[in-house]
Amino acid sequence: MMTIFGYKKNYQMYDPKKKYTDKHIRKHSKNNGSNDKYRKSIEDLLDELELKNGMTISFHHHLRNGDYILNRLMKEIAKRNIKDIRIFASSIFPCHEPLVEYIESGVVTQIIAAFISGPVAKTISQGKMEKVAIMHTHGGRARLVESGEVDIDVAFIAAPTCDKMGNITGSCGKSACGSLGYAVTDAHFAKCSVAITDHYVEHLGSVFIEGKYIDYIVEMESIGDSKGIVSGTTQITKNPIGLKIARLTSDVIYHSGYFKNGFSFQTGAGGTSLAVSYYVKQLMMKEKIKGSFASGGITGYLVDMLKDGLFEQLYDVQCFDLEAISSLRDNKNHIPISASKYANINDKCIINDLDFVILGATEIDLDFNVNVTTSSIGEIMGGSGGHSDTAYGANVTIIVSQLFNARIPVIKDKVLCKTTPGETVDVLVTERGIAVNPKRNDLIERFKKTNLPLKTINELKQISDSLVGIPDKIQFDEKIVGVVEYRDGSVIDFIHKKL
Amino acid sequence: MTNIRRSMLFIPGNNPGMLQSADVFDSDSVIFDLEDSVAIDEKASARILVKELFSSIEMSCERIVRINPYDTPFYASDIEAMRQLDIDMILLPKASVESIKDLDQKLIKTNINIMVLIETALGVEQVFEILNASKRCKGLMLGGEDLCVDLNCIRTKKGDELLYARYRVVNASKALSKFAIDTPYTDTFDEEGLKNDTLFSKSIGFDGKASINPRQVHCINEIFNPTLDEINHAKRVLEAKEMALKEGKGVFSLDGKMVDLPIIKRAEKVIELALKLGLMKGTS
């Protein structure tokens with residue numbers, strides 16, 4: 001077993017046969033018993049917190065690419081000449097570019113996240129961060145915190161609305177973002193939890209994170225840029241290839257044997273994913289099928305399906321648009337859930353009840369392994385998020401992708417980085433055919449009786465190769481810059497520095 | 001290659017991305033366009049791109065190339081380039097008796113067929129003669145936009161201005177046992193309008209409809225597909241016919257209605273189409 005600087009020595013490699021045995025241990029229950037949690041400024045707060053070198057601080061990503069909190073805090077921390085900070089953020093976005101400077105100067109020496117994109121990802125790929133990045137899953141993050149494997153010194157929680165007791169909701173305020181599913185675990189388990197808000201109120205009726213878990217409250221003029229937090233409305237793709245893939249995906253769902261009353265469904269907010277929701281909705285209305293729940297990141301499309309009675313409930317770990325935020329606030333069947341309840345293997349998580357999940361891929365290989373962590377040239381550009389969690393949990397995991405995009409093929413002999421193991425992926429839908437994982441003979445037999453354009457994944461690769469050729473092999477340095485952890489904490493792959 | 005032509009999709013000849021994906025949209029035929037969708041200064045590059053496409057990529061759909069009109073300087077070069085390729089048909093715009101005869105001559109020693117675009121008032125009046133002017137000519141497409149310019153009228157979504165032309169070209173093509181494709185519906189975001197327009201095309205005898213955006217193909221195919229009810233009725237007609245033959249009856253009825261030869265022929269056509277399209281799976 002290799003020794004990797006900044007990573008535990010006793011790590012286990014991913015084993016598809018492993019059964020999960022970790023126990024859910026609730027480590028902290030925060031309530032300092034004081035109602036005097038308000039601090040005048042970030043500066044005052046940090047004076048009191050006495051941050052030290054080597055501490056772990058956490059952030060959630062519900063403000064997405066509009067987040068101001070992480071940059072604001074890091075600016076202040078850097079000013080105090082504190083070094084060797086480990087950032088435990090559920091995701092890092094392009095708006096977090098100021099981190100690059102702190103990585104290069106040693107203020108930040110490690111990032112642990114489920115998704116990293118933009119300049120920070122590039123910097124890590126170039127090997128400029130002192131310790132390896134650890135890329136976990138959304139469910140894996142909750143497991144890391146709850147099991148105590150990651151001990152958060154201070155959780156900085158962006159709070160769209162917060163009252164004097166520290167009760168928090170994401171449903172209102174000028175930086176409303178809806179569900180705060182990724183922040184709950186941090187608030188519950190961090191040694192110290194700080195709510196940072198731009199909407200401080202006397203009393204909150206509806207609470208998502210209870211004040212008893214919050215130690216401090218700080219007000220800022222603005223915690224985020226609303227334009228980067230949510231889209232006004234999410235739109236289905238107009239790309240005819242994306243629409244064809246979405247239509248084929250709804251056909252796959254229809255013929256899978258799982259499309260019946262009470263089925264459950266999850267998809268993303270991308271244009272093709274939304275188009276899948278659109279076609280599934282048409283299918284449900286035509287066949288008079290009603291689902292039990294839809295989960296994950298919630299969009300207006302799923303909200304409409306809830307309103308139309310096509311689903312009984314929405315389980316919402318994050319909202320993608322304004323309609324989802326309003327619905328979460330007003331509809332009792334639109335239920336916010338924590339990341340742990342969503343996807344933690346040690347919790348009774350929602351994803352294990354999923355029938356269908358629709359996911360994307362940067363690369364997929366002949367064994368159906370999927371890469372959503374690095375780009376086709378091997379640079380970090382994303383991460384699992386809930387990808388490998390939901391792929392594991394759903395009865396039918398469907399990857400939707402164009403066979404190639406701008407002459408870059410999606411099917412490779414081997415993915416550059418394994419994010420989601422092939423044994424948890426069932427179907428690949430492309431514009432030129434559908435490949436089913438040979439282990440799902442039940443689906444293959446069903447689909448053979450239909451008009452679905454079935455092909456093997458090797459056949460799809462041959463078509464792709466004939467059209468766009470085979471790209472040159474990417475060369476990497478020996479240095480490991482990132483470790484990809486599967487949802488159980490085992491190591492599923494390493495990310496190497498680009499040559 | 002079947003002779004099913006529910007949908008014909010135009011793809012600009014100078015757009016490499018679209019050319020590469022031309023056959024993924026389930027259009028029965030694809031028309032690679034060298035004419036209206038290609039700017040004057042792109043004509044040569046479009047010709048080269050289309051040539052390269054056919055020499056490097058196999059396609060499962062019917063392959064048609066729309067060349068530039070007879071009276072343009074691009075006409076001869078287009079034919080010279082296209083006659084070397086493995087294509088099924090050339091679509092001749094603004095077709096006239098004179099131009100189709102010329103094209104027919106230029107395609108000697110090739111297996112390339114001709115399809116004519118009827119898009120002038122004269123073309124509508126001479127449609128029978130145009131279709132009959134070459135044995136290579138297998139059918140026509142109505143071009144509503146140019147026709148309206150020629151007629152000096154506004155092209156509307158309802159399409160009353162095209163009624164005469166539509167009926168006339170369908171009748172002429174059927175009289176000569178050739179296919180007829182209706183003009184495209186040009187509002188690519190109006191799915192309801194496309195649906196109504198296509199239903200009308202089918203109702204008056206067109207075999208298919210042209211499309212100018214891949215998003216339109218699915219809707220057009222669905223409408224020109226025989227419905228489940230039509231397939232099941234056709235099956236019952238043919239079963240009743242078999243039964244009548246066994247019982248030695250010359251004439252028979254189904255659901256209280258006399259079944260005669262046209263009804264049997266229609267049923268056979270429906271079943272043939274359904275079989276070719278793989279629509280018989282799941283029928284009762």
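This structure is a prediction, so every number in the text was calculated from the model and none was measured. Throughout, protein chains are lettered first and strands after them, A, B, ... in sequence-line order, and every chain is numbered starting at 1. What you see below is based on every heavy atom in this structure, not just the backbone, and it leaves out hydrogens, waters and symmetry mates.
- Contact count versus chain B (heavy atoms, under 4.5 Å) is highest, among A:V468, A:I241, A:L403, for A:I241.
- Checked against salt bridge (Lys or Arg N to Asp or Glu O under 4.0 Å), B:D182 has the following partners two or more places apart in sequence or in another chain: B:R166, B:K209.
- Looking at residues two or more places apart in sequence or on another chain, you find no salt bridge (Lys or Arg N to Asp or Glu O under 4.0 Å) involving B:K43.
- Between A:K244 and B:D26, the closest heavy-atom pair is NZ-OD1, 3.1 Å.
- Counted within 6.0 Å of NZ on B:K195, heavy atoms from surrounding residues, nucleotides or ligands total 12 or fewer; the atom is thus considered open.
- Side-chain contact between A:R432 and B:D23 is present, with heavy atoms from C-beta onward closer than 4.5 Å.
- Contact of A:R247 with chain B is made through the side chain alone, with heavy-atom distances under 4.5 Å.
- Side chain of B:R215 to main chain of A:K238: a donor-acceptor pair is present (N/O by atom type, distance under 3.5 Å, no hydrogens or angles).
- For A:Q282, the CD atom is densely surrounded, since the number of other residues' heavy atoms within 6.0 Å is greater than 12.
- For the atom pair B:I57 CD1 and A:I463 CD1, the distance stands at 11.5 Å (nearest 0.5 Å).
- Here the straight-line distance linking atom CG of B:L279 with atom CG of A:N451 works out to 6.5 Å at 0.5 Å rounding.
- Within 6.0 Å of the CG atom in A:N441, the count of heavy atoms belonging to other residues, nucleotides or ligands exceeds 12.
- In the displayed structure, B:N111 atom CG is contacted under 6.0 Å by at most 12 heavy atoms of other residues, nucleotides or ligands.
- Remark: A:K439 NZ is packed, more than 12 non-hydrogen atoms of other residues, nucleotides or ligands lying under 6.0 Å away.
- At a threshold of 4.5 Å between non-hydrogen side-chain atoms, the residues A:F404 and B:Q20 count as touching.
- Contacts between A:L467 and chain B at a heavy-atom distance below 4.5 Å involve backbone atoms as well as side-chain atoms.
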